[in-house]
2 protein chains.
Amino acid sequence: MVKRADRHTPESLLAVAVEVFNIRGYDGTSMEDLAKAAGITKSSIYHHVTGKEELLRIAVTRALDGLFGVLDEPGATEGAAVDRFAYVIRRTCLELVDKLPYVTLLLRVRGNTVTEREALARRRDFDHRVADLAAAAIADGDLRADLDPRLTSRLVFGLVNSVVEWYRPDGPESGPAVADALSSLVLTGLRAHQESVLPAPDPPEAGS
Amino acid sequence: MVKRADRHTPESLLAVAVEVFNIRGYDGTSMEDLAKAAGITKSSIYHHVTGKEELLRIAVTRALDGLFGVLDEPGATEGAAVDRFAYVIRRTCLELVDKLPYVTLLLRVRGNTVTEREALARRRDFDHRVADLAAAAIADGDLRADLDPRLTSRLVFGLVNSVVEWYRPDGPESGPAVADALSSLVLTGLRAHQESVLPAPDPPEAGS
DNA sequence: GTCTATACCGTGATAGAC
DNA sequence: GTCTATCACGGTATAGAC
């Protein structure tokens with residue numbers, strides 16, 4: 001923090017703001033906090049942005065655009081539903097890691113302002129589209145039918161989103177490593193020998 | 001909301017406060033918000049509690065005591081590590097649903113006050129004890145060894161914790177139903193036929 | 001147990017000099 | 001682009017009557 005830049009731009013200010021928002025929470029962050037972290041005074045901030053809420057709006061919009069971008073990629077629109085579902089899980093996870101501060105902020109929005117409520121609405125839209133994908137994969141018989149599609153997609157994306165709570169770019173795991181582990185957990189499960197519950201022949205490898 | 005009680009007690013006030021905290025966020029909630037929701041004035045609140053932070057402290061303590069209680073139950077202390085791990089997953093999920101408002105609040109704490117930092121420290125302690133359990137299960141060869149124990153427990157408890165983001169007591173799923181679905185997903189995975197990647201004979205059932 | 005009235009401070013935001 | 005000075009408002013919390 002206090003990464004002073006002699007000349008701030010809206011972009012450099014945004015980076016500082018998002019970082020502080022994610023530490024203290026949006027509501028818990030004052031303009032004075034932002035000013036200290038940016039190395040300038042409160043007033044100077046208003047030269048770059050119209051206010052605190054605009055910083056939030058830019059940040060969550062960036063996160064949402066990234067997530068929706070995934071849904072438009074060929075891997076998410078072509079092929080079997082189960083493959084598209086797996087693709088979206090993996091890519092969403094990578095996108096989350098790539099835009100970590102922005103997505104983190106997005107996922108913590110509560111809905112106290114217009115900006116926040118609009119962000120929540122877009123998030124719901126995203127979740128809905130993913131739930132449709134899970135439903136299609138189940139209908140195809142490629143995902144277990146004993147789990148409700150809505151519940152399934154909620155669990156899976158709860159898992160994906162939870163990554164923001166602990167992932168750090170300078171930590172031991174790379175983004176792709178997390179995406180692989182997560183995908184593998186979701187599709188294959190954690191148990192070492194699947195026949196531990198019911199007697200069954202030995203399953204073949206479950207490579208990524 | 002505005003569930004007016006003619007006579008408030010610290011307990012009734014806590015229930016109101018936690019509900020509002022979870023909607024607006026702790027920092028986003030003013031004493032005026034609490035007063036309106038409780039149907040009394042700001043001043044009256046101070047007759048029951050010393051202030052806003054005490055309400056938070058009582059709530060998160062209740063959540064943490066519940067979670068640590070799970071770790072002391074026989075199912076979490078006796079038997080094979082993999083079974084204890086599975087037990088803790090399931091029971092934690094049930095505890096989360098049972099104490100939903102308190103756990104929700106706990107999981108959103110940011111660390112801006114002494115109370116919050118102490119809660120975060122206890123949470124880290126809990127996470128650490130669960131990670132040890134996962135490590136033991138992997139060492140026993142009962143959980144896949146290709147996933148790091150720390151990463152595994154982070155993913156699994158990220159998944160468990162994410163339930164607070166969507167679960168509602170009056171919704172379609174019961175607490176045990178969610179706990180079962182979640183445990184099943186974690187241990188067995190989502191794929192209908194594990195050999196779906198390579199051509200294989202007909203798969204056995206994938207019962208719960 | 002709840003009220004009105006109030007103290008006191010930090011908040012987001014603006015004006016205008018340099 | 002940044003500053004000092006200032007504003008109006010809402011924040012937590014207290015005093016004391018009923």
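Note on naming: letters A, B, ... go to the chains in the order of the sequence lines (proteins, then strands), and numbering restarts at 1 for each one.
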Next on the checklist: Within 45 degrees of the ring normal and closer than 6.0 Å to the centroid, is that where the cationic atom of Lys52(B) sits relative to Tyr26(B)?
Outcome noted: yes
Checklist entry - Can you check the Glu32(B) CD to dC9(D) P distance for me, whole Å? => result 16 Å
Atom pairs under 3.5 Å, N or O on each side, protein against nucleotides 4-6 of chain D: can you list them with distances?
| from | atom 1 | to | atom 2 | distance (Å) |
| --- | --- | --- | --- | --- |
| dT4(D) | O4 | Ser43(A) | OG | 2.5 |
| dA5(D) | N6 | Ser43(A) | OG | 3.2 |

Checklist entry - Choosing from dG1(C), dG1(D), dA13(C), which nucleotide comes nearest the side chain of His47(A)? => result dG1(D)
Checklist outcome for this item: Rounded to whole Å, the CZ-P distance (Arg24(B) to dG11(D)) equals 10 Å
Checklist entry - Out of dG1(D), dT2(C), dG11(D), which has the shortest distance to the side chain of His8(B)? => result dT2(C)
Checklist entry - Is Glu116(B) paired with Arg122(B) through a side-chain N to carboxylate O contact shorter than 4.0 Å? => result no
Checklist entry - Rounded to whole angstroms, how far apart are CE on Met31(B) and P on dC8(C)? => result 20 Å
Checklist outcome for this item: Regarding the side chain of Tyr46(B), the nearest nucleotide among dT11(C), dG1(D), dT14(D) is dT14(D)
Item to check | Atom pair distance, as rounded to whole Å: CG in Leu56(B) and C1' in dT12(D) | outcome: 15 Å
Item to check | Whole angstrom value for the distance that separates P of dA13(D) from CD of Glu54(B) | outcome: 11 Å
Checklist entry - Is there a donor in the side chain of Arg144(B) and an acceptor in the side chain of Thr152(B), or the other way round, less than 3.5 Å apart? => result no
Checklist outcome for this item: On a heavy-atom basis, the closest approach of Pro169(A) and Leu100(A) is CD-CD2, 4.0 Å
Next on the checklist: Check this for me, if you would: do Glu173(A) and Arg168(A) make a salt bridge, where the nitrogen-to-carboxylate-oxygen distance has to be below 4.0 angstrom?
Outcome noted: no
Checklist entry - Does Arg62(A) pair with Glu11(A) as a salt bridge, N-O distance under 4.0 Å? => result yes
Next on the checklist: Tell me the interatomic distance from Asp33(B), atom CG, to dG10(D), atom P, rounded to whole angstroms.
Outcome noted: 12 Å
Checklist entry - Taking CD1 from Ile45(A) and C1' from dG12(C), how many angstroms apart are they, rounded to a whole number? => result 10 Å
Next on the checklist: If I take atom CG in residue Leu34(A) and atom P in nucleotide dA13(C), what distance separates them, rounded to the nearest angstrom?
Outcome noted: 11 Å
Checklist entry - Less than 4.0 Å between a side-chain N and a carboxylate O, is that true for Arg91(B) and Glu95(B)? => result yes
Checklist entry - With distance as the sole criterion, is a donor-acceptor pair present between the side chains of Asp33(B) and Ser30(B) under 3.5 Å? => result yes
Next on the checklist: For Arg191(A), is there an ion pair with Asp142(B) - N to carboxylate O distance below 4.0 angstrom?
Outcome noted: no
Checklist outcome for this item: What residues 108-115 of chain B contributes to the DNA chain C interface at heavy-atom separation below 4.0 Å is none
Next on the checklist: So Thr9(A), base contact, sugar-phosphate only, or nothing? Heavy-atom distance under 4.0 Å.
Outcome noted: nothing
